[in-house]
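Everything numeric in this text was worked out from a predicted model, so none of it was measured. In the text below, chain A, chain B and the rest are named by the order of the sequence lines, each starting its count at 1.
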Protein chains: 2
Amino acid sequence: MTLKLDKVNRGPHLSTLVASSISREIAQGRLKPGDQLPTEQALATTFGVSRNVVREAIARLRSEGRIWSQQGRGAFVADATNATVLTIDYETLQRADSFRNLFELRGMLEVQIAALAATRRSDADIVAMEQALDGMRTAPYGSVAWLKNDLGFHRAVAEATQNPYMGQFLVFVSERVRESILAAGNQQKSDDMARTTLGEHERILAAIKAGDAKGASAAMTRHLAGAASRVGLPGGNAAAKPASSARHSRLRKAVRGQAAG
Amino acid sequence: MTLKLDKVNRGPHLSTLVASSISREIAQGRLKPGDQLPTEQALATTFGVSRNVVREAIARLRSEGRIWSQQGRGAFVADATNATVLTIDYETLQRADSFRNLFELRGMLEVQIAALAATRRSDADIVAMEQALDGMRTAPYGSVAWLKNDLGFHRAVAEATQNPYMGQFLVFVSERVRESILAAGNQQKSDDMARTTLGEHERILAAIKAGDAKGASAAMTRHLAGAASRVGLPGGNAAAKPASSARHSRLRKAVRGQAAG
DNA sequence: TCAATCAGGGTTGTATGATAACACGACAAG
DNA sequence: CTTGTCGTGTTATCATACAACCCTGATTGA
């Protein structure tokens with residue numbers, strides 16, 4: 001049988017724990033922009049780790065634009081708008097409303113992207129969409145191959161806009177949505193769903209092929225509504241996950257037995 | 001007197017150089033997903049740095065989801081879809097068409113957000129928008145305070161959707177757009193522009209206040225069209241400009257300005 | 001008095017070596 | 001063929017030391 005381990009392995013590294021701890025201090029306002037962080041040595045002792053680990057954590061936060069450091073002075077909290085990367089951390093992803101919100105954002109992008117794709121698609125884009133659709137036809141519904149081709153179809157649509165950022169953003173949001181779905185884990189499959197989903201995709205492709213922007217966005221809207229109901233969105237925000245609070249058992253060697261159950 | 005000196009230097013850290021070097025290897029396909037990276041020791045010797053520096057670079061790449069490492073085995077290149085952060089590096093930001101593409105993405109978000117905000121805004125949201133507008137009225141056009149309030153207005157609109165991801169994404173994209181504008185450095189100011197821009201914002205606010213979704217998105221569309229022309233982005237066919245003039249000095253200047261605001 | 005200089009401590013950046021934890025194949029024993 | 005052990009290689013972490021740099025305050029010179 002396929003034993004589904006939760007993919008929360010999420011950094012047994014101490015530096016990850018330190019980084020998210022500091023990150024939380026910033027997010028919750030206990031460290032405001034401009035504030036100076038404690039020295040690396042102080043952080044090392046308070047967290048009970050070596051200064052090296054603290055430095056890895058700081059390197060990570062610095063690359064995210066959250067903090068900024070200068071030799072001889074110290075490390076400081078950066079302005080929020082300086083963030084050079086867009087990140088959605090795992091904890092907020094687990095909240096019940098985050099799935100609905102992400103889905104809404106995804107829909108907003110998809111509908112507009114479909115319309116744009118209909119007016120700009122090239123022949124190669126059409127081929128890519130058809131290939132992804134074929135891949136979905138030959139894979140069992142909900143399997144890894146199916147999901148991969150599903151995402152591939154939507155990415156092909158996004159790339160048909162000839163705007164690379166569309167695909168980049170859409171894939172990013174879609175992946176977060178997919179993680180949310182997996183975290184909820186309440187999806188049920190049926191052959192009926194496979195047929196319905198395929199039909200929705202085919203209608204999207206047909207509209208894009210015909211260069212019908214309005215039709216494409218309408219078909220995409222229908223597809224998203226169907227997908228929402230398939231994952232139990234309308235009234236069913238079934239967030240039955242027990243909130244994973246087994247995490248902070250004080251740093252150090254608490255990470256040993258994270259087999260979870 | 002705090003005079004801004006040329007001290008930015010943009011990453012004197014060796015770990016930054018190592019990280020971007022590895023990152024480039026991945027981006028250019030010399031390291032494919034699943035490939036194993038050289039050992040930390042090997043990387044340290046080839047780059048001529050200490051193993052510690054390599055570890056900081058790897059910690060950074062790992063936090064970005066680009067690579068994945070396991071104790072006792074090694075570090076491996078992760079799948080592209082595993083990226084947990086969305087990042088737009090300065091090199092692609094420098095390309096001529098990236099500004100147009102980012103602006104298009106921003107517009108797509110803004111128009112939809114405005115419509116959604118009109119149906120969901122609370123009184124507090126309206127107050128936030130009015131405050132931002134007041135801030136724009138009392139600041140000189142194009143000044144740091146003006147830009148801050150401009151962004152604040154759009155963020156207030158996004159927050160009125162009651163979907164936190166909307167604001168997060170919009171601010172991120174808008175900041176990249178602003179960086180692009182600063183990098184191009186071809187903006188010219190006039191009092192006329194200030195009045196026009198303010199008027200556009202006021203019409204957006206009025207529509208949102210009235211709960212008029214269609215009006216809000218229409219007003220936002222007009223505002224974006226105006227903004228596009230103000231930064232020298234003609235409506236449809238301006239992609240031909242080679243514009244390879246943006247050099248590193250310009251880029252650094254833009255980075256410095258962003259750090260100040 | 002005032003200004004420049006300089007010494008000292010504190011902080012980050014980097015290097016180096018050592019140890020623990022883990023993965024994996026080789027190899028012998030059953 | 002299976003199992004247990006062991007050795008090697010790798011990452012994760014610790015500890016220490018030094019270099020580069022910033023800031024402050026005392027000293028010195030005019």
Practice problem: Would you kindly give the CD-to-C1' distance between A:Q36 and C:dT12, to the nearest whole Å? | Solution: 11 Å

Exercise. Using atom CZ of B:F76 as one end and atom C1' of C:dC22 as the other, report the distance to the nearest whole Å.
Key: 13 Å

Exercise. Please check if any side-chain donor atom of B:R60 sits under 3.5 Å from a side-chain acceptor atom of B:S15, or the reverse.
Key: no

Please tabulate, for side-chain N and O atoms in residues 67-76 of chain B, each donor-acceptor pair with protein atoms closer than 3.5 Å (sequence neighbours left out).
residue	atom	partner	partner atom	Å
B:S69	OG	B:R62	NH1	2.8
B:Q70	OE1	B:R73	NH1	3.4

Self-check item: B:Q70 CD - D:dT11 P separation (whole Å)
Solution: 11 Å

Exercise. Would you confirm whether A:N149, through its side chain, and A:A145, through its main-chain N or O, come within 3.5 Å as a donor-acceptor pair?
Key: yes

Quiz item: End-to-end bend of the helix from C:dT1-D:dA30 to C:dG30-D:dC1 (five-pair axes, 10° rounding)?
Solution: 10°

Self-check item: Value in whole Å for how far the P atom of D:dA20 lies from CD of A:Q71
Solution: 9 Å

Quiz item: Is A:R100 close enough and on-axis enough to A:F103, meaning under 6.0 Å and within 45°, for cation-pi?
Solution: no

Practice problem: Compare every heavy atom of A:L170 with every heavy atom of A:A158, then report the nearest pair and how far apart it is. | Solution: CB-CD2, 3.9 Å

Practice problem: Mark yes or no for whether A:N163, through its side chain, and B:N101, through its backbone, hold a donor-acceptor pair below 3.5 Å. | Solution: yes

Quiz item: Whole-Å distance between D:dT11 C1' and B:R73 CZ?
Solution: 12 Å

Exercise. Tell me whether the OP1 or OP2 atom of D:dA12 has a side-chain N or O from B:S69 closer than 4.0 Å.
Key: yes

Exercise. Work out which heavy atom in A:P140 is nearest to a heavy atom in A:S143; give both atom names and the distance.
Key: O-OG, 2.8 Å

Practice problem: Identify, with sequence neighbours excluded, every residue that meets ring pair (Phe, Tyr, Trp, His ring centres under 6.0 Å) alongside A:F172. | Solution: none

Quiz item: Which whole-number value in Å describes the distance from B:E40 CD to D:dA12 P?
Solution: 6 Å

Self-check item: Nucleic acid contacts - residues 47-63 of chain B versus DNA chain C, non-hydrogen atoms under 4.0 Å
Solution: B:G48, B:V49, B:S50, B:R51, B:N52, B:V53

Quiz prompt | Sugar-phosphate, base or nothing in reach of B:Q41, heavy atoms under 4.0 Å | solution = nothing

Quiz item: Hey, does the side chain of B:S20 reach the backbone of B:T16 with a donor-acceptor pair shorter than 3.5 angstrom?
Solution: yes

Quiz item: Roughly how many Å is it from CG in B:L37 to C1' in D:dT10, rounded to a whole number?
Solution: 13 Å

Exercise. Rounded off to whole Å, could you give me the NE2-to-C1' distance for the B:H13 and D:dA19 pair?
Key: 15 Å

Practice problem: Return no unless some side-chain N or O of A:T39 is found under 4.0 Å from OP1 or OP2 of C:dG10. | Solution: no

Exercise. Identify the heavy atoms of B:S63 and A:E64 that sit nearest to each other, and give their distance.
Key: OG-OE2, 3.9 Å

Quiz item: Pairs in or reaching into residues 164-174 of chain A: which pass salt bridge (charged side-chain N to carboxylate O under 4.0 Å, His left out), with residues at least two apart or in two chains?
Solution: none

Mind listing the N/O atom pairs, protein and nucleotides 7-9 of chain C, below 3.5 Å?
none

